[in-house]
There are 2 protein chains.
Amino acid sequence: MPTKTAAQRRALAKVSYDAFLAGCPSRQLLDRISDKWVALVLAALGGSGAPRSMRYSELSRQLAGVSQKMLTQTLRSLERDGLVTRTVTPTVPVTVAYQLTDLGLSLQDVMRRIKEWAEANMDEVLASRDEYDTRVA
Amino acid sequence: MPTKTAAQRRALAKVSYDAFLAGCPSRQLLDRISDKWVALVLAALGGSGAPRSMRYSELSRQLAGVSQKMLTQTLRSLERDGLVTRTVTPTVPVTVAYQLTDLGLSLQDVMRRIKEWAEANMDEVLASRDEYDTRVA
DNA sequence: CAGGATCCCGCTAGATACTG
DNA sequence: CAGTATCTAGCGGGATCCTG
């Protein structure tokens, strides 16, 4: 059996990822990205229309109520996974800008829709909850 | 100021939902649906191609490693939010079937893409993590 | 400004046992 | 089969304090 190229091995591996399987890495990746803060950070960096570079404090302001810990943690995770870049400009005080990579942009396309879905269907969900609660009660 | 109809009030309220705001109900809804198990349950019920009705045990088998607690909890939440229906057939033993509502189907369209994104980009993310870890280390 | 480091509470998710 | 009930360990996540 001949040695395969990296591209060949990737192609083979790719079809085998299945988040329905407990041990599959994609299950863990799904868990990471299925996150409120991930959705909101990506949506913020995606901007309305064109993606934009944002500073830490800008993000902190836009994601109302996010703690520094969660924001930093989320950004680090996104950076490590190759979804955002972190650029430090050595001004005084230091300036840090975040922006989506191409990979991040592709995920943002998907995640934005979830946020939009939640906003668009809030009333229907609220109505359903009312109905459910009275029915069960 | 004249009294508004329910539809008018909904139309007004709808545009005001903004998940970036901490107190907004859509923030909490976003948090609920941004969940691994929600994504997987919806993907399972969405089927490959056509949506299908599934029994509890079928779901349990397809979502490898899910605990009964989490599956039941997730299904209840989805039912309450009007995303799935739960149908009990009084056989012995009892048969319970779950299937997507129209609302659930619309969310499934979105959520399925997340699962697919995770599976499709796993290699790239893995590579990015390797690079990040060696860079930091 | 953009975090790092700690402390600590609460709730969640898993494991286990039981039931109509 | 399709759950409910209970217990607990663990950790997610907020609050707080500190720093280059």
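In what follows, chains carry the letters A, B, and so on, assigned in the order in which the sequence lines appear, proteins first and then strands, with residues in each chain numbered from 1. We use all heavy atoms of the structure for the numbers below, so side chains are in, but hydrogens, waters and symmetry mates are not.
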>> Strictly below 4.0 Å, N to O, side chains only: are A:R27 and B:E119 in salt-bridge contact?
In response: no
> Choosing from D:dA2, C:dG3, C:dG14, which nucleotide comes nearest the side chain of B:M70?
Replying inline: C:dG14
>> Nearest to the side chain of B:S57, heavy atoms from C-beta on, is which of D:dC1, C:dG4, D:dG3?
In response: D:dC1
> Which residue, A:K69 or A:T72, contacts DNA chain C at a nucleotide closer to its 5' end, judged by nearest heavy atom?
Replying inline: A:T72
> Can you check the A:L40 CG to D:dG13 P distance for me, whole Å?
Replying inline: 13 Å
> Is the backbone of A:L30 close enough, under 3.5 Å, to the side chain of A:S34 for a donor and an acceptor to pair up by distance?
Replying inline: yes
> How far apart are the closest heavy atoms of B:A64 and A:A22, and which atoms are they?
Replying inline: O-CB, 3.6 Å
> Can you name the nearest heavy-atom pair linking B:M70 to B:V66, along with the distance?
Replying inline: CB-CG2, 4.0 Å
> Axis-to-axis angle across the helix from C:dC1-D:dG20 to C:dG20-D:dC1, five pairs an end, to 10 degrees?
Replying inline: 60°
> Of the candidate nucleotides D:dA2, D:dG14, D:dG3, which contains the atom at the shortest distance from the side chain of B:T95?
Replying inline: D:dA2
> Looking only at side-chain N and O atoms, does B:Y98 come under 4.0 Å of OP1 or OP2 in D:dG3?
Replying inline: yes
> If you check every side-chain atom of A:Q68, which of D:dC1, D:dG14, C:dG3 has the closest atom?
Replying inline: C:dG3
> Should the pair B:R112-B:D109 be classified as a salt bridge under the 4.0 Å nitrogen-to-oxygen rule?
Replying inline: yes
>> Quick check against the 3.5 Å criterion: does A:T101 have a side-chain atom that pairs as donor or acceptor with the backbone of A:G104?
In response: yes
> Atom CZ of A:R76 and atom P of C:dG3: how far apart are they, to the nearest Å?
Replying inline: 5 Å
> Has A:R55 got a side-chain N or O lying under 4.0 Å from the OP1 or OP2 atom of C:dA2?
Replying inline: yes
> With sugar-phosphate meaning primed atoms plus P, OP1 and OP2, does A:Q73 contact a base, only sugar-phosphate, or nothing at under 4.0 Å between heavy atoms?
Replying inline: nothing
> Can you check whether A:R86 has a side-chain N or O nearer than 4.0 Å to OP1 or OP2 of C:dA2?
Replying inline: no
